[in-house]
Amino acid sequence: MNLEVLVQDDAAALAREGARLVTEVAKRAIAARGRFTVALAGGGTPAALYTILADGGAMSWENTLLFFGDERCVAPDNELSNFRMVREALLDRAAVPEWNVYRMAGEDEPAAAAASYTAALKRALGNDLRFDLVILGIGEDGHTASLFPGMPALEVQDLGAIATAVPGYVEPQVHRLTLTFPVLNAAHAVLFLASGAKKAKAVSAALKGENLPAARVRPADGSVTWLLDRDAAAGAA
Ligand code: 6PG
């Protein structure tokens with residue numbers, strides 16, 4: 001595994017550099033394999049990056065397949081939905097063919113939605129479930145995607161996507177759909193995004209390999225890039 005830590009001045013610079021990195025990976029993947037497959041992070045940090053991608057005009061959307069790293073089990077127009085965040089930040093602004101968007105069905109019964117997403121991953125990626133890029137965030141507890149400390153989902157090895165409850169301290173208190181570690185660790189490249197002082201402790205612990213879900217993202221045959229702003233990098237002594 002190849003590990004790189006990049007520190008930007010602030011959240012705006014992080015979004016710009018993140019968009020540049022994603023565009024670079026996309027161009028290389030399309031040149032090598034004719035398409036770019038990416039799993040998008042949810043939450044709030046990536047939104048500005050997605051908008052720069054959408055407005056930047058450098059992405060070949062007809063050759064880009066968009067997946068989700070995780071989703072809240074709510075309707076796609078719910079304000080908690082990661083799909084809604086991606087729709088507003090990216091899909092409403094860029095000419096992404098709708099058949100290139102693989103949405104997790106947050107509105108469906110969670111186990112059924114996870115099973116159908118696992119099947120969709122296999123159909124699109126093949127049995128190796130290998131993404132060109134997985135974009136991830138990190139929570140203050142060290143979770144990533146919806147792989148939370150102490151939850152059974154951390155140990156799933158035979159499914160690409162799974163439904164999971166969230167620990168009691170987590171908001172929003174809704175079930176989630178999440179990619180599993182076998183998928184995250186099959187990726188050609190992983191890009192972690194972290195912004196703000198609240199993330200510094202978790203980022204530092206993850207980089208030290210402490211027992212946090214984010215620290216278990218270690219693609220054997222891939223690269224991991226941590227893209228941080230100065231506040232999130234403050235703890236990474
Ligand atoms: C989610 C995300 C989650 C997120 C982290 C960081 O559904 O919330 O997938 O893993 O990436 O919680 O979230 P922020 O970017 O909002 O800090």
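Everything numeric here is computed off the predicted structure, so don't read it as measured data. Note that ligands are numbered from 1 as they come in the structure, with each ligand's atoms numbered from 1 the same way.
- A salt bridge is defined here as a Lys NZ or Arg NE, NH1 or NH2 lying under 4.0 Å from an Asp or Glu carboxylate O, and R130 with D221 meets this definition.
- Closest heavy-atom approach to atom 6 (C) of ligand 1 among the candidates V174, I138, L193: I138.
- Which parts of ligand 1 touch G137 is read off a 4.0 Å heavy-atom cut-off, strictly below it: atoms 11 (O).
- With hydrogens left out, the protein atom closest to atom 2 (C) of ligand 1 is D70 OD2, 3.5 Å, a heavy atom.
- Residues V101 and F68 form a side-chain contact, since some pair of their non-hydrogen atoms from C-beta on lies under 4.5 Å apart.
- Atom 8 (O) of ligand 1 has R72 NH2, 2.8 Å as its closest protein atom, hydrogens excluded (heavy atom only).
- With a 4.0 Å cut-off on non-hydrogen atoms, A145 touches ligand 1 through its backbone and not its side chain.
- Looking only at heavy atoms of the protein, atom 15 (O) of ligand 1 is closest to T45 OG1, 2.6 Å.
- Classification of the F67-F131 ring pair by plane angle, with boundaries at 30° and 60°, yields perpendicular.
- Remark: ligand 1 atoms within the under-4.0 Å shell around heavy atoms of K199 are 6 (C), 14 (P), 17 (O).
- Within ligand 1, counting atoms from 1 as listed, the ones closer than 4.0 Å to a heavy atom of N82 are 1 (C), 7 (O).
- Taking any N or O of H143, backbone or side chain, at least one lies under 3.5 Å from an N or O belonging to ligand 1.
- Taking every non-hydrogen atom of G42 and a distance limit under 4.0 Å, the qualifying atoms of ligand 1 come out as 2 (C), 9 (O), 11 (O).
- Polar contact with ligand 1: present for G44 (N/O pair, distance under 3.5 Å).
- Side-chain atoms of R176 and F148, non-hydrogen and from C-beta on, do get closer than 4.5 Å to each other.
- The pair D55-R93 meets the salt-bridge criterion, with a side-chain N (NZ, NE, NH1 or NH2) lying under 4.0 Å from an Asp/Glu carboxylate O.
- Using a 4.5 Å cut-off on side-chain heavy atoms (C-beta onward), H175 and V166 make no contact.
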Q: Begin from the C-alpha positions of R72 and E107 and carry the test salt bridge (Lys or Arg N to Asp or Glu O under 4.0 Å) through to its verdict.
A: CA-CA 9 Å; R72 288 82 179 274; E107 71 277 20; over 6 Å; no
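- Under 4.0 Å is where a charged nitrogen must lie from a carboxylate oxygen, and between D77 and R84 no such pair does.
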